> 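The structure is given below, and queries will be raised subsequently.
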Amino acid sequence: YRPREQGGIECAEAARERGYRRVKVVSVRASGRGEWEVMMQGREGGRDARLRCEYDARSRRARVERVDR
């Protein structure tokens with residue numbers, strides 16, 4: 001089990017579930033114990049979008065938000 005890689009995978013999947021396409025993980029960094037901040041790029045409605053995701057390895061929950069609005 002690799003929480004850093006798993007964070008990127010879970011966040012990308014969460015972004016796809018929210019309707020983003022061509023999701024690409026740009027960076028993954030620790031933001032606390034068992035918590036990861038994942039920056040991604042994707043497309044929504046034909047437009048590029050920058051996304052930020054917070055992943056909690058303990059609960060395996062990912063929360064995605066758009067940061068370029």
Side-chain angles (χ1 to χ4, degrees):
Y1 177 69
R2 298 170 125 169
R4 180 183 203 103
E5 288 82 6
Q6 190 65 31
I9 292 167
E10 294 287 337
C11 283
E13 183 61 30
R16 287 185 197 99
E17 288 173 2
R18 289 193 54 191
Y20 292 98
R21 300 289 172 245
R22 297 186 200 167
V23 176
K24 176 183 165 190
V25 174
V26 176
S27 67
V28 180
R29 69 175 188 88
S31 63
R33 188 173 175 159
E35 296 175 356
W36 302 91
E37 181 180 80
V38 181
M39 298 301 292
M40 301 176 288
Q41 291 180 338
R43 289 189 62 88
E44 179 185 41
R47 302 181 92 174
D48 289 334
R50 286 184 32 194
L51 308 168
R52 182 170 74 92
C53 176
E54 294 177 5
Y55 177 70
D56 183 344
R58 290 172 291 226
S59 66
R60 294 190 175 186
R61 290 211 169 151
R63 189 175 70 216
V64 177
E65 63 184 4
R66 188 169 176 165
V67 293
D68 63 352
R69 289 193 176 174

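Each residue takes its place number in the sequence, starting with 1. Quick caveat, the model's predicted, so the values are computed rather than measured.
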> Side chains of R60 and Y55, heavy atoms from C-beta outward: is any pair under 4.5 Å?
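When only atoms from C-beta onward are counted, Y55 and R60 do touch, with a gap below 4.5 Å.
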> My understanding is that only residues two or more places apart in sequence, or in another chain, count here; which of them pass side-chain hydrogen bond (donor to acceptor under 3.5 Å, both in side chains) with E54?
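R52, R63.
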> Where do A15 and V64 come nearest, in terms of heavy atoms and distance?
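Between these two residues, the closest heavy atoms are N-CG2, 3.9 Å.
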> With a 4.0 Å cut-off on N to O distance, would you call R43 and D48 a salt bridge?
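So R43 pairs with D48 through a salt bridge.
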> Might you point out which heavy atoms bring V25 and A12 nearest each other, and give the distance in Å?
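Nearest pair, atom of V25 first, then A12: CG2-CB, 4.3 Å.
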> Search all heavy atoms of V28 against all heavy atoms of G8 and return the closest pair with its distance.
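Closest approach of V28 to G8, heavy atoms only: CG2-CA, 4.4 Å.
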> Side-chain contact, heavy-atom cut-off 4.5 Å: W36 with S31?
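Not touching, per the 4.5 Å side-chain cut-off.
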> Evaluate side-chain contact (heavy atoms from CB on, under 4.5 Å) for L51 paired with V67, printing each intermediate quantity in order.
CA-CA 6 Å; L51 308 168; V67 293; over 6 Å; no
> Assess whether side-chain contact (heavy atoms from CB on, under 4.5 Å) is satisfied between M40 and Y20, documenting all intermediate values.
CA-CA 11 Å; M40 301 176 288; Y20 292 98; over 6 Å; no
> Can you list every disulfide bond (SG atoms under 2.5 Å apart) pair that touches residues 5-50, not counting sequence neighbours?
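Every pair satisfying disulfide bond (SG atoms under 2.5 Å apart) with a residue in residues 5-50: C11-C53.
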> Apply side-chain hydrogen bond (donor to acceptor under 3.5 Å, both in side chains) to R33 and list each qualifying residue two or more places apart in sequence or on a separate chain.
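For R33 there are no side-chain hydrogen bond (donor to acceptor under 3.5 Å, both in side chains) partners, ignoring immediate neighbours.
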> For atom CZ of R61, is the number of surrounding heavy atoms from other residues, nucleotides or ligands below 6.0 Å larger than 12?
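No.
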> Any Lys/Arg nitrogen of R58 or E35 sitting under 4.0 Å from an Asp/Glu carboxylate oxygen of the other?
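Answer for the salt bridge query: yes.
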> Using the side-chain contact (heavy atoms from CB on, under 4.5 Å) rule, pick out the option among R47, R50, Q41 that qualifies with D68.
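It is R50; the other options fail the test.
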> Are R66 and E44 close enough, and set up right, to give a salt bridge (charged side-chain N to carboxylate O under 4.0 Å, His left out), and what steps lead you there?
CA-CA 10 Å; R66 188 169 176 165; E44 179 185 41; 2.8 Å; yes
